2 protein chains.
Amino acid sequence: MREGPDIAHIAALIGDPARANMLTALMSGKALTVSELAEEAGVTIQTASSHLSKLDEGGLLRPRKQGRHKYFSLASDEVAHVLEGLMGLAAGSGYRRKRTGPRDAELRQARVCYNHLAGDMGTQMFDSLMAQGHLVLDGEELKLTDTGAAFASEFEIDVESLCKARAPVCRECLDWSERRSHLAGSLGRALLNRLEELAWAKRDQKTRVVTFSRNGAEEFKKLFPVK
Amino acid sequence: MREGPDIAHIAALIGDPARANMLTALMSGKALTVSELAEEAGVTIQTASSHLSKLDEGGLLRPRKQGRHKYFSLASDEVAHVLEGLMGLAAGSGYRRKRTGPRDAELRQARVCYNHLAGDMGTQMFDSLMAQGHLVLDGEELKLTDTGAAFASEFEIDVESLCKARAPVCRECLDWSERRSHLAGSLGRALLNRLEELAWAKRDQKTRVVTFSRNGAEEFKKLFPVK
DNA sequence: CTCATAGTTCGACCTTAATCGAAGCATCTG
DNA sequence: CAGATGCTTCGATTAAGGTCGAACTATGAG
């Protein structure tokens with residue numbers, strides 16, 4: 001009726017199965033080509049191309065041309081956040097794309113949410129940071145405390161440059177499997193990167209599953225203890 | 001493309017313009033009837049009915065029957081949260097709502113609904129009881145907790161005999177003006193009676209208006225604080 | 001009781017858009 | 001340059017589902 005940039009349009013974009021599959025695939029944080037996304041969605045390249053231009057037009061994607069390839073990634077953390085929220089609703093109402101398999105348990109344990117850690121390990125890390133007073137919730141905003149900044153520096157994260165950048169350092173993201181918050185924002189991303197650098201964890205780009213090495217899991221537990 | 005919840009189904013539900021308008025209307029927090037939502041979406045009642053049953057099936061709504069009316073509200077905060085996120089993505093969606101309910105300010109403030117307290121004060125009392133954990137929603141049923149029973153006893157209400165009687169102790173009743181729940185059932189009735197006994201409030205039988213004394217309003221505020 | 005109102009169900013119509021074959025660009029390789 | 005690869009555009013087909021009229025059920029009012 002009364003028009004404007006409506007939520008119906010955006011939701012309809014996400015609401016097509018092929019497009020939803022593409023978006024879900026992009027939740028891994030990796031940029032994917034048209035052909036890869038077509039494969040992921042189970043449609044031909046022509047169809048995928050059409051879908052992707054619509055998603056792009058809707059502002060959900062960020063396209064990058066490189067030679068004869070065209071790479072797509074999610075446009076922003078906000079997009080990932082909304083998708084994660086939708087997953088929560090879908091999980092709650094019991095609609096799944098497929099029966100729960102072994103993958104599902106792995107995904108619940110630890111997975112990539114766009115560019116940061118999610119799943120049980122993700123919420124565990126978040127809770128630990130909160131409990132140790134490294135993060136505080138100031139109204140709606142999540143803030144890094146001084147001790148938190150020191151902690152991150154100790155973990156060899158360049159906190160200063162994160163703070164200088166325009167992107168928010170700390171952001172809450174709702175976990176669809178845990179139904180609780182985990183840490184997003186540039187710090188969340190930096191932490192996951194650091195976990196990989198240290199070879200504590202490894203991410204599978206295709207499935208979004210994050211697997212911890214035995215040593216990595218132990219170190220993680222020490223660094224982010226849960227009461 | 002194989003794991004995880006089916007976001008496409010949920011997003012498609014939100015993605016229809018008519019349904020999106022209904023959901024947007026429900027973001028006010030008020031419960032609305034089928035006809036009102038039909039009007040809001042600009043479709044006939046038949047169409048609205050069909051849409052609403054789909055939304056309900058998808059777990060996005062919480063329906064409540066009251067007489068020959070059927071009221072719908074959003075199923076949870078999570079649903080509202082996702083809708084808000086979508087609005088953010090849609091960027092700059094301005095919409096307007098129209099008001100419903102009695103015009104009389106006094107009736108809005110506090111009135112009798114059959115035998116219990118309704119209006120702003122009524123929903124306030126209900127919200128407070130819920131927030132303090134005196135009432136819990138168990139599925140469709142509203143239950144009095146142990147602390148709630150103690151609270152009522154403290155307020156000199158004979159909880160035991162209420163429980164022995166056949167009539168339900170706690171019942172949700174949808175508020176006309178607020179379009180949110182307030183407390184009905186024998187406990188709701190007992191609470192209003194007690195308010196009168198203490199001379200905190202007085203009811204005008206003809207107009208159904210309930211007027212609080214200055215002292216009564218203060219005591220009420222203390223007993224049923226709103227965060 | 002009858003009448004009115006709120007909502008649901010059914011069936012037919014019809015718009016929308018997803019899909020893919022085929023052809024057309026664009027870019028890289030040899 | 002030609003040939004291969006990645007992607008886009010066009011057009012026709014087709015399936016999905018939104019829409020409303022009409023008939024039906026349920027509740028309330030007089």
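The shown structure was predicted, so the numbers you read here are calculated from the model rather than taken from an experiment. Every chain is numbered from 1, with letters handed out A, B, ... down the list of sequences.
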> Given dA6(C), dT19(C), dC7(D), which nucleotide is nearest the side-chain atoms of S35(A)?
Replying inline: dC7(D)
> Separation of I45(A) atom CD1 from dT9(D) atom P, in whole Å?
Replying inline: 15 Å
> Just how far, in rounded Å, is P of dT8(C) from CG of L52(B)?
Replying inline: 7 Å
> Of the candidate nucleotides dT19(C), dT19(D), dA4(C), which contains the atom at the shortest distance from the side chain of T47(A)?
Replying inline: dT19(C)
> Is the centre of the F151(B) ring less than 6.0 Å from the centre of the H134(B) ring?
Replying inline: yes
>> So, OP1 or OP2 of dT19(C): does either fall under 4.0 Å of a side-chain N or O from H51(A)?
In response: yes
>> Using the side-chain heavy atoms of V34(A), tell me which of these nucleotides is nearest: dG28(D), dT8(D), dA18(C).
In response: dT8(D)
> Under 4.0 angstrom, heavy atoms only, what part of the nucleic acid is S53(B) near: base, sugar-phosphate, or nothing?
Replying inline: nothing
>> Could you check whether R194(B) pairs with E197(B) (Lys NZ or Arg NE/NH1/NH2 to Asp/Glu carboxylate O, under 4.0 Å)?
In response: yes
> Taking NZ from K65(B) and P from dT5(C), how many angstroms apart are they, rounded to a whole number?
Replying inline: 20 Å
>> In this structure, how many angstroms lie between the P atom of dA18(C) and the CG atom of L37(A), rounded?
In response: 16 Å
>> Looking at the base of dG21(D), is there any donor atom on it, or on the side chain of Q46(B), that sits under 3.5 Å from an acceptor on the other one?
In response: yes
> Could you give the CD-to-P distance, from E39(B) to dG7(C), as a whole number of Å?
Replying inline: 13 Å
> So, N21(B) versus T24(B): side-chain donor-acceptor pair below 3.5 Å or not?
Replying inline: no
>> If we ignore hydrogens and angles and just use 3.5 Å, is the side chain of Q132(B) paired with the main-chain N or O of L129(B) as donor and acceptor?
In response: no
>> Is the phosphate of dA26(D) approached by K70(B) (side-chain N or O, under 4.0 Å from OP1 or OP2)?
In response: no
> Relative to the 5' end of DNA chain D, which residue comes earlier, H69(A) or S50(B), by the nucleotide with the nearest heavy atom?
Replying inline: H69(A)
> Quick one: R68(A) CZ to dT27(C) P, roughly how many Å, whole number?
Replying inline: 11 Å
> How many Å lie between CZ on R64(B) and C1' on dG7(C), as a whole number?
Replying inline: 18 Å
> What do the steps show when you test H116(A) against L183(A) for side-chain contact (heavy atoms from CB on, under 4.5 Å), and what is the final call?
Replying inline: CA-CA 7 Å; H116(A) 51 268; L183(A) 181 65; over 6 Å; no
>> From CG of L13(B) over to C1' of dA16(D), roughly how many Å is that when rounded to an integer?
In response: 14 Å
> When you measure from the side chain of K54(A), which nucleotide among dA18(C), dG21(D), dT9(D) comes out closest?
Replying inline: dA18(C)
